[in-house]
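Here's the structure we're looking at; comments come further down.
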There are 2 protein chains.
Amino acid sequence: MTDPLSTTLAALADPTRRAILARLSTGEASVNELAEPFDMTLAAVSKHIKVLENAGLVSRSKQAQYRPCALDATPMREVATYVETYRRFWEQNLDQLDAYLRKLQTPDSNTKN
Amino acid sequence: MTDPLSTTLAALADPTRRAILARLSTGEASVNELAEPFDMTLAAVSKHIKVLENAGLVSRSKQAQYRPCALDATPMREVATYVETYRRFWEQNLDQLDAYLRKLQTPDSNTKN
DNA sequence: TTCGTATTTTACTGATGAGTAAAATACCAA
DNA sequence: TTGGTATTTTACTCATCAGTAAAATACGAA
């Protein structure tokens with residue numbers, strides 16, 4: 001699983017990590033700040049951050065003993081591009097659902113019952 | 001990891017499974033047909049399909065001894081929606097890169113060297 | 001230097017994932 | 001019924017992941 005898209009998707013496939021990214025979308029934060037909402041060791045959060053960093057979704061800087069995290073959404077672009085190639089399929093399904101619902105509401109279609 | 005988005009992302013975070021979906025985007029296929037391109041046991045492919053089915057990305061039907069697979073991209077909608085919330089961040093990064101490259105190309109900015 | 005705060009690393013545990021081989025199941029056809 | 005094709009299940013192995021506790025590291029401040 002060394003391809004970047006797999007790495008990005010795997011990193012995103014965890015609610016804790018997505019919450020960290022959501023927090024970072026409001027601005028930089030230290031590990032302590034990021035860990036605060038979670039019922040989890042600091043070390044555990046540190047490892048989640050490492051996964052995100054490894055996927056290129058988080059970048060780090062250095063300020064004294066702090067190593068603040070910043071969001072880097074760039075790898076999500078590939079995810080967006082990937083799922084977009086399937087858009088027509090889910091929209092097609094919605095169209096079918098829509099047609100089905102319309103059919104149910106059309107009196108004529110139910111005359112046999 | 002029981003939330004649907006995590007399940008979908010985890011299912012997509014594997015090149016074999018994405019290849020299966022790509023194949024299914026061209027139409028239904030049996031497990032044997034799906035397994036053909038892979039250097040992997042039929043049982044292994046069967047399990048990958050189970051993961052996709054579990055994520056709602058693949059639906060099955062029954063035709064004699066065949067249990068053909070069909071693509072259902074519906075769960076990808078949530079993925080698309082999710083990454084879209086970060087679009088402004090990666091576009092911002094592109095803008096910054098663009099500005100940076102422009103700056104490099106502007107003679108005035110390098111007069112000090 | 002010594003302390004305190006921030007963060008990571010290490011060693012370990014338990015759960016889960018990918019893969020295999022071989023047996024089991026399902027269903028059609030002769 | 002017997003055989004054949006399609007597919008899944010089971011039991012097992014190996015690797016990876018999430019989490020913890022405790023030690024280690026990094027760095028500013030007194």
Starting at atom CD of A:E53, determine the distance to atom P of C:dT7, rounded to an integer number of angstrom. 13 Å
Heavy atoms only: give me the nearest A:Y86-B:S25 pair and the separation to one decimal. CE2-CB, 4.1 Å
Can you tell me how far the OG atom of B:S61 sits from the CZ atom of B:R67, to the nearest 0.5 Å? 11.0 Å
Ignoring hydrogens and angles, are the base of D:dT7 and the side chain of B:K47 linked by a donor-acceptor pair under 3.5 Å? no
Can you tell me if B:R60 touches the phosphate of D:dT7, counting only side-chain N or O atoms and a distance under 4.0 Å to OP1 or OP2? no
Is there a path of hydrophobic side-chain contacts, each under 4.5 Å between heavy atoms of I, L, V, M, F, W or Y residues, that connects B:V79 with A:L57? yes
Angle by which the axis turns from one end of the helix from C:dT1-D:dA30 to C:dA30-D:dT1 to the other, five pairs per end, to 10 degrees: 0°
I need the CG-P distance between A:L52 and C:dT8, as an integer number of Å. 12 Å
Using OP1 and OP2 only, check whether a side-chain N or O of B:K62 sits under 4.0 Å from D:dA6. no
Choose from C:dT9, C:dT8, D:dA6 the nucleotide whose nearest atom is closest to any side-chain atom of A:K50. C:dT9
Picking from D:dT7, C:dG19, D:dT20, which would you name as closest to the side chain of B:L42? D:dT7
Write down the distance between CE (A:M40) and P (C:dT8), rounded to a whole number of angstrom. 15 Å
So A:S30, base contact, sugar-phosphate only, or nothing? Heavy-atom distance under 4.0 Å. sugar-phosphate
Taking side-chain contact (heavy atoms from CB on, under 4.5 Å) as the definition, give me every residue that meets it alongside A:N54, ordered by chain and number, with sequence neighbours left out. none
Under 3.5 Å, is there a donor-acceptor pair between the A:D72 and A:T74 side chains? yes
Quick one: B:D14 CG to C:dT16 P, roughly how many Å, whole number? 18 Å
Without decimals, in angstroms, what is the distance between A:R67 CZ and D:dT25 P? 13 Å
Any side-chain N or O of B:N32 under 4.0 Å from OP1/OP2 of D:dT7? yes
Given atom CD1 of B:I49 and atom C1' of D:dT8, what is their separation to the nearest angstrom? 11 Å
Value in whole Å for how far the C1' atom of D:dG19 lies from CZ of A:R17: 12 Å
Any B:T41 side-chain N or O less than 4.0 Å from OP1/OP2 of C:dG19: no
Could you state the atom-to-atom distance from CD of A:Q63 to C1' of C:dT5 in whole Å? 15 Å
OP1 or OP2 of C:dG17 less than 4.0 angstrom from a side-chain nitrogen or oxygen of B:H48, does that happen here? no
Please check the phosphate of D:dT8 (OP1 and OP2 only) for any side-chain N or O of B:S46 closer than 4.0 Å. yes
Measure from the side chain of B:A43, starting at C-beta and using heavy atoms only, and say which of C:dA6, C:dT9, C:dT20 lies closest. C:dT20
Does the distance from a Lys or Arg side-chain N to an Asp or Glu carboxylate O, for B:D3 and A:R18, drop under 4.0 Å? yes
Salt bridge check, A:R87 against A:E84: does any charged N sit closer than 4.0 Å to a carboxylate O? yes
ILVMFWY cluster, B:V51 and B:L5 together (side-chain gap under 4.5 Å): no
